[in-house]
Amino acid sequence: VSSWQCFRALCCKGPPPPRPEYDLVCIGLTGSGKTSLLSQLCSESPENIVSTTGFSIKAVPFQNAILNVKELGGADNIRKYWSRYYQGSQGVIFVLDSASSEDDLETARNELHSALQHPQLCTLPFLILANHQDKPAARSIQEV
């Protein structure tokens, strides 16, 4: 045993144990705040946030785990492809704009019900985030 190995064993505990990683999918209509939410969780600047077209993946580090979040764009022409990205997900974040129009809220409700019934998601934990609670037109959690 070299003196370096002894020093390392005594002084340095070595690399920290690997944190478990979980794969999540983040869905919601355009403008609901998915990108802003993930940017906030990653401590990124809220400036220059642009709506996601297609998808993006962010690793969100927490003390005891890492969440690999696949954010899917929420535009009409993209939502029909959401299910292609569900495989391997271990949880779902559904973001909705609580200050949106009745029509958009109904569309979000339909997309949520579709996701809740999808075979690859129906057994997974869901977080439903009623975003934009700071806006004057925001509905309460009960109303949503």
Side-chain angles (χ1 to χ4, degrees), residues 4-5 7-144:
W4 171 250
Q5 287 172 323
F7 173 77
R8 183 167 168 78
L10 291 172
C11 178
C12 308
K13 294 180 182 174
R19 291 181 280 182
E21 295 190 28
Y22 301 96
D23 295 329
L24 306 179
V25 64
C26 181
I27 55 178
L29 302 186
T30 295
S32 61
K34 300 177 299 294
T35 305
S36 297
L37 168 69
L38 294 175
S39 293
Q40 185 81 23
L41 289 173
C42 291
S43 301
E44 296 174 352
S45 170
E47 297 173 21
N48 304 325
I49 290 179
V50 291
S51 193
T52 301
T53 43
F55 74 94
S56 70
I57 298 174
K58 285 199 183 291
V60 182
F62 287 97
Q63 186 173 351
N64 298 322
I66 296 172
L67 304 180
N68 297 310
V69 182
K70 192 182 315 174
E71 176 200 353
L72 307 181
D76 291 354
N77 60 340
I78 295 174
R79 289 195 306 264
K80 60 186 172 189
Y81 299 109
W82 279 358
S83 61
R84 295 183 182 194
Y85 297 91
Y86 291 165
Q87 188 170 356
S89 296
Q90 296 169 286
V92 181
I93 302 169
F94 189 92
V95 181
L96 62 91
D97 179 357
S98 62
S100 65
S101 69
E102 282 297 325
D103 286 347
D104 283 347
L105 198 58
E106 184 63 28
T107 301
R109 188 177 292 118
N110 291 336
E111 293 295 347
L112 173 60
H113 286 287
S114 177
L116 285 166
Q117 295 170 359
H118 192 279
Q120 290 178 316
L121 302 183
C122 65
T123 60
L124 300 180
F126 265 74
L127 168 65
I128 302 170
L129 180 71
N131 203 13
H132 299 147
Q133 288 291 305
D134 56 331
K135 292 186 178 178
R139 293 167 186 81
S140 69
I141 302 301
Q142 293 77 18
E143 291 174 301
V144 172

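Just so you know, residue 1 is the first one in the sequence shown, and it goes up from there.
One distance of note links CD1 of Ile27 with CD1 of Ile78; it measures 13.5 Å at 0.5 Å rounding. Atom CG of Leu105 sits about 9.0 Å away from atom CG of Leu29, to the nearest 0.5 Å. Note that the CG atom of Leu41 and the CG atom of Leu67 stand 8.5 Å from one another [nearest 0.5 Å].
Considering only residues two or more places apart in sequence or on other chains, Arg19 meets the side chain to side chain donor-acceptor pair (under 3.5 Å) condition with none of them. Annotation: side chain to side chain contact (heavy atoms under 4.5 Å, CB included) contacts of Tyr85 (sequence neighbours excluded): Phe55, Lys70, Leu72. Residues meeting the side chain to side chain donor-acceptor pair (under 3.5 Å) test with Lys58, sequence neighbours left out: Glu44. Residues satisfying the salt bridge (Lys or Arg N to Asp or Glu O under 4.0 Å) criterion with Glu106, sequence neighbours excluded, are Arg109. Among residues two or more places apart in sequence or in another chain, the side chain to side chain donor-acceptor pair (under 3.5 Å) test is passed with Arg79 by Asp76, Glu111.
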Problem - Residues Asp104, Asp97; criterion side chain to side chain contact (heavy atoms under 4.5 Å, CB included); working and verdict - result: CA-CA 9 Å; Asp104 283 347; Asp97 179 357; over 6 Å; no
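The shortest distance between side-chain heavy atoms of Val60 and Leu24 does not fall below 4.5 Å. Counting only heavy atoms from C-beta outward, the side chains of Arg139 and Glu102 approach each other to under 4.5 Å.
Minimum interatomic distance between Gly73 and Trp82 (heavy atoms only, all atoms of both residues): O-NE1, 2.7 Å. Across all non-hydrogen atoms, the minimal contact from Cys26 to Val95 is SG-CG2, 4.0 Å.
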Give every donor-acceptor pair under 3.5 Å between a side-chain atom in residues 113-130 and any protein atom, sequence neighbours left out.
from, atom 1, to, atom 2, distance (Å)
His118, ND1, Gln120, N, 3.1

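Between the side chain of Asn131 and the backbone N or O of Ser32 there is at least one donor-acceptor pair closer than 3.5 Å. At least one donor-acceptor pair under 3.5 Å links the side chain of Lys34 to the backbone N or O of Gly28.
Other residues, nucleotides and ligands contribute over 12 non-hydrogen atoms within 6.0 Å of the CD atom of Gln133.
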